[in-house]
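The structure appears below as structure tokens.
Order of the sequence lines sets the chain letters (A, B, ...), proteins ahead of strands, with each chain counted from 1. Computed over heavy atoms, backbone and side chain alike; hydrogens, waters and symmetry mates excluded.
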There are 2 protein chains.
Amino acid sequence: MGSLTKSFEDYLEAIYLLEQEKGAVRVKDVAKSLGVKLPSVTEAVRKMSKARLIEFERYGLIKLTGHGKIFAKEVYKKHKTLFNFLHKILGVNKSIALKDACEMEHGLSNITLNKLRQFMNKRR
Amino acid sequence: MGSLTKSFEDYLEAIYLLEQEKGAVRVKDVAKSLGVKLPSVTEAVRKMSKARLIEFERYGLIKLTGHGKIFAKEVYKKHKTLFNFLHKILGVNKSIALKDACEMEHGLSNITLNKLRQFMNKRR
DNA sequence: ATACAATGTTAGGTTACACTAACTAATATT
DNA sequence: AATATTAGTTAGTGTAACCTAACATTGTAT
């Protein structure tokens with residue numbers, strides 16, 4: 001299983017968060033959340049559906065599969081951990097910490113992630 | 001000034017390090033260092049030359065311009081700082097720290113970089 | 001029930017970046 | 001000097017993302 005592209009990771013994370021917030025997720029919501037146009041989402045969603053990361057049918061709602069949710073949570077965990085580190089420990093302001101975390105989360109391995117979590121736990 | 005693509009950042013960093021190591025840099029060296037094929041380097045190098053980041057002529061040597069060197073150093077600084085943090089502070093092993101740093105360096109803003117440096121200075 | 005607004009899709013185009021295969025130039029060996 | 005090896009280039013492909021413009025569907029309001 002080749003790992004996910006950055007773009008798929010972003011889509012998964014966005015869908016995951018939208019599911020939490022509002023239950024039902026539409027193409028439009030994802031587009032807004034990621035700052036891309038509708039056709040980009042349509043295409044991504046078709047591919048992710050083929051990859052069994054989400055369930056989706058034309059004009060319908062978007063739902064993570066069990067599989068997809070696992071990945072989404074992983075990505076989000078990386079995001080949260082990085083954000084907290086940047087913001088709460090380094091003191092980087094929220095919006096920059098958010099942006100940097102988004103960019104950096106993709107490269108963060110699970111090994112490093114865990115070390116970072118341990119490190120942060122020790123400090124409080 | 002749109003900022004550099006990740007790919008350009010990688011090329012700059014590689015060329016910078018190769019210049020240090022061996023003085024003269026060739027297409028082949030860059031290819032080996034980045035793990036890409038020669039034609040990819042030829043193309044990248046042509047574009048970077050057009051963008052005044054390097055000096056290059058067909059079949060010749062590759063040299064960073066003053067401009068290019070500034071960028072290269074910046075990228076490398078991010079890399080080094082991240083690597084040191086991951087390896088020396090978090091205790092991530094070298095090869096993983098190296099790989100993660102490579103991936104994450106691109107997303108690291110200067111603001112966050114500086115906070116990270118301050119943080120690391122305080123700790124010793 | 002029709003018609004409109006909002007949402008979604010399709011088709012086709014663009015850019016970035018890598019690749020292979022085939023060719024050319026430069027360098028080294030005999 | 002002739003040829004073989006190494007290095008570099010060119011041309012053509014492929015894939016991942018994105019986009020715009022045009023069309024289709026759905027749901028809502030009159």
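Contacts of Lys47(B) with the nucleic acid, taken as non-hydrogen atoms under 4.0 Å apart, involve only primed sugar atoms and P, OP1 or OP2. Heavy atoms of Ser40(A) sit under 4.0 angstrom from at least one base atom.
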Using atom types as modelled, flag every donor-acceptor pair under 3.5 Å from a side chain in residues 80-95 of chain B to any protein atom, sequence neighbours excluded.
residue	atom	partner	partner atom	Å
Thr81(B)	OG1	Lys77(B)	O	2.8
Asn84(B)	OD1	Lys88(B)	NZ	3.4
Asn84(B)	ND2	Lys80(B)	O	3.3
His87(B)	ND1	Val92(B)	O	2.8
Asn93(B)	OD1	Ser95(B)	N	3.0
Asn93(B)	OD1	Ser95(B)	OG	3.3
Asn93(B)	OD1	Ile96(B)	N	3.1

Output a table of donor-acceptor pairs, distance under 3.5 Å, between side-chain atoms of residues 34-42 of chain A and any protein atom two or more places apart or on a different chain; print 'none' if there are none.
residue	atom	partner	partner atom	Å
Thr42(A)	OG1	Leu38(A)	O	3.3

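At a threshold of 4.0 Å, the pair Lys78(B)-Glu9(B) does not count as salt-bridged, since none of the basic side-chain nitrogens sits closer than that to a carboxylate oxygen.
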Audit row: Leu18(A), Ile62(A), side chain to side chain contact (heavy atoms under 4.5 Å, CB included) steps and yes/no = CA-CA 10 Å; Leu18(A) 288 164; Ile62(A) 298 166; over 6 Å; no
List the steps, then state whether side chain to side chain contact (heavy atoms under 4.5 Å, CB included) holds for Leu98(B) with His79(B).
-> CA-CA 8 Å; Leu98(B) 205 72; His79(B) 176 92; 4.1 Å; yes
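Contacts with DNA chain C (heavy atom under 4.0 Å) in residues 7-23 of chain B: Ser7(B), Tyr11(B), listed by number. Taking a 4.0 Å limit (strictly below) on heavy-atom distances, residues 50-62 of chain B reaches DNA chain C at Tyr59(B).
For the pair Leu34(A) CG and dA17(D) P, the computed distance is 12 Å after rounding to whole Å. Atom pair Lys6(A):NZ and dT15(D):C1' shows a separation of 16 Å (rounding to whole Å applied). Distance Lys37(B) NZ to dA7(D) C1': 14 Å, rounded to the nearest Å. Atom CD of Glu43(B) is separated from atom C1' of dA21(C) by 16 Å (rounded to the nearest Å). For the pair Leu4(A) CG and dA16(D) P, the computed distance is 13 Å after rounding to whole Å.
Under 4.0 angstrom from either OP1 or OP2 of dT10(D) there lies no side-chain N or O belonging to Thr42(B). Side-chain nitrogen and oxygen atoms of Lys28(A) include at least one within less than 4.0 Å of the OP1 or OP2 phosphate oxygen of dT7(C).
The 5' end of DNA chain D is approached more closely, in terms of each residue's nearest nucleotide, by Leu38(A) than by the other of Leu38(A) and Arg26(A).
Counting only heavy atoms from C-beta on, Thr5(A) has its side chain closest to dA16(D) among dA16(D), dC19(D), dT20(C). Checking dC17(C), dT20(C), dT20(D) against the side-chain heavy atoms of Pro39(A) singles out dT20(D) as nearest.
For residues 24-35 of chain A, the pairs satisfying side chain to side chain donor-acceptor pair (under 3.5 Å) are Lys22(A)-Asp29(A), with sequence neighbours left out. Each side chain to side chain donor-acceptor pair (under 3.5 Å) pair with one or both residues in residues 45-60 of chain A, not counting sequence neighbours, would appear here, but there are none.
Looking only at side-chain heavy atoms (C-beta outward), His106(A) and His106(B) stay at 4.5 Å or farther from each other. Side chains of Glu19(B) and Lys63(B) form a contact here, defined as non-hydrogen atoms less than 4.5 Å apart.
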